[in-house]
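Below is the structure I would like to discuss, written out as C-alpha cells.
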Amino acid sequence: MNQGHFITFEGGEGAGKSTQVKLLAERLQALGHTVVVTREPGGSPFAEKLRELLLDPATPPHDALAEALIFYAARADHLNKTIRPALFAGNWVLCDRFADSTRVYQSMASTLPTDVCDKLDDIVVGETQPGLTVVMDIIAEEGLARAHARRLEGVAPVDGEPEADRYEARDLTYHRALREGFLQVAKMNPDRCFVVDASDEAEVIAEKVWSKIATQVLREAL
Ligand SMILES: Nc1ncnc2c1ncn2[C@@H]1O[C@H](COP(=O)(O)OP(=O)(O)OP(=O)(O)O)[C@@H](O)[C@H]1O
Ligand SMILES: [Mg+2]
C-alpha cells in the first residue's frame with residue numbers, strides 16, 4: 001500500500017513544469033517532509049539511459065508503438081527502482097511528466113491507439129497512480145517561446161538539458177495538439193487532474209498548487 005504522496009506535473013514544452021516541481025519540493029522540504037524529485041523519461045539509471053535514446057534529435061522518427069514501448073520500459077524501471085520504494089517509505093514523490101505525457105504525445109497527438117495506452121498503463125503503472133496531477137496549460141507559442149528564450153539566454157534549464165529535443169523541434173500544429181491532449185486528459189480524469197493557467201507568474205501558480213495540495217492531498221491524508 002502506498003503511504004506517501006505521488007504528484008505528477010504535466011503539460012507541453014516550456015509550460016513551467018520543472019520550475020513548479022522545484023518550488024513545491026522546496027516548500028515541502030521547508031516543512032520537514034522528505035521529497036523525492038524525479039522525472040520522465042528517466043528517474044532511475046536504466047531509465048535515464050533510455051531517456052537519452054528517446055530524446056536524441058539525431059534519432060530518426062520512429063513508430064509510435066516502438067516509442068511507447070520504450071517509454072513504458074523506462075517507466076517500469078522508474079516505478080520499481082524509485083517511485084514505489086519512495087512511496088512505500090512514506091515520502092513525497094514529485095514527478096516531472098509521467099504516463100499522461102505518453103498518452104498525449106504518442107497517442108492523442110500521434111498514432112498509437114488509445115487502448116494500447118490503457119493496456120500498458122494497467123500492466124506497468126497499475127495501482128501506482130498519482131494522487132494529484134498538475135496540468136500546466138499554456139498556448140503552444142508561449143511555451144515554445146519560453147523554452148527557446150531559455151536556450152538563447154544560455155540559462156541552464158531547470159532539468160539540466162540545453163538542446164532542443166526531438167519533440168520540441170516539431171511544428172506548431174503538433175504542439176497545439178499536445179495542449180488539447182492534456183486538456184482532454186484532465187477532462188477525462190477530473191478527480192486526479194488540476195489544470196492551472198501556466199501563463200501566470202511562477203509564484204502565483206505555486207500558490208494555487210499549494211492550495212490544492214492543502215485542500216485535497218493533505219486533507220485526504222488525515
Ligand atoms: N510562470 C512562468 N512565467 C514565466 N516564465 C516561466 C514561468 N515558469 C517557468 N518559466 C521560465 O520558462 C522556461 C521554461 O520553464 P521550465 O523549464 O520550468 O518548463 P518545462 O515545462 O519544464 O519545460 P520543458 O518541457 O522544456 O522541460 C524557463 O526559462 C523558466 O525559467
Ligand atoms: Mg522541464
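The figures that follow rest on heavy atoms only: side chains count, while hydrogens, waters and symmetry mates do not. One-based numbering, in listed order, for ligands and for the atoms of each.
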Charged N to carboxylate O under 4.0 angstrom, Glu10 versus Lys17?
no

Can you find a side-chain donor-acceptor pair between Thr128 and Arg84 that sits under 3.5 Å?
yes

Pull out every atom of ligand 1 sitting under 4.0 Å from any heavy atom of Gly16, numbered as shown with elements.
8 (N), 9 (C), 15 (O), 16 (P), 18 (O), 19 (O), 20 (P), 21 (O)

Min over Arg146, Glu142, Glu203, Arg97 of heavy-atom distance to atom 10 (N) of ligand 1 lands on Arg146

For ligand 1, which atoms have a heavy atom of Ile205 less than 4.0 angstrom away?
1 (N)

Near Glu13, which atoms of ligand 1 are under 4.0 Å from a heavy atom of that residue?
25 (O)

For residues 202-209, please give each side-chain donor-acceptor pair under 3.5 Å, one per line with the distance, not counting sequence neighbours.
{"unit_1": "Glu207", "atom_1": "OE2", "unit_2": "Arg27", "atom_2": "NH1", "d": "2.8"}
{"unit_1": "Lys208", "atom_1": "NZ", "unit_2": "Asp200", "atom_2": "OD2", "d": "2.9"}

Look at Ser18 and state whether any of its N, O or S atoms is less than 2.8 Å from the Mg ion (ligand 2).
yes

Looking only at distances, please establish whether an N/O atom of ligand 1 is found under 3.5 Å from an N/O atom of Asp96.
no

Nitrogen or oxygen of Ala147 less than 3.5 angstrom from that of ligand 1
no

Between Thr133 and Thr8, does any side-chain donor sit less than 3.5 Å from a side-chain acceptor?
yes

Should one rank Thr19, Leu144, Val21 by closest heavy-atom distance to atom 15 (O) of ligand 1, which comes out on top?
Thr19

Within-shell test, Ala15 vs ligand 1, heavy atom, strictly < 4.0 Å
yes

Heavy-atom contacts with Asp200 under 4.0 Å: which atoms of ligand 1 show up? List them by number with element.
1 (N), 2 (C), 3 (N)

Centroid-centroid under 6.0 Å between Phe71 and Tyr105 rings
no

Numbered atoms of ligand 1 (with element) below 4.0 Å of Arg150, judged on heavy atoms
14 (C), 16 (P), 17 (O), 23 (O), 26 (O), 28 (C), 29 (O)

Considering the heavy atoms of Ala202, write down every atom of ligand 1 situated less than 4.0 Å from one of them.
1 (N), 2 (C)

Contacts of type side-chain contact (heavy atoms from CB on, under 4.5 Å), residue Leu31, not counting sequence neighbours:
His33, Trp210

Identify whether the distance between the nearest side-chain nitrogen and carboxylate oxygen of Glu180 and Arg176 falls below 4.0 Å.
no

Taking 4.0 angstrom as the limit, do Arg39 and Glu48 come out as a salt bridge?
yes

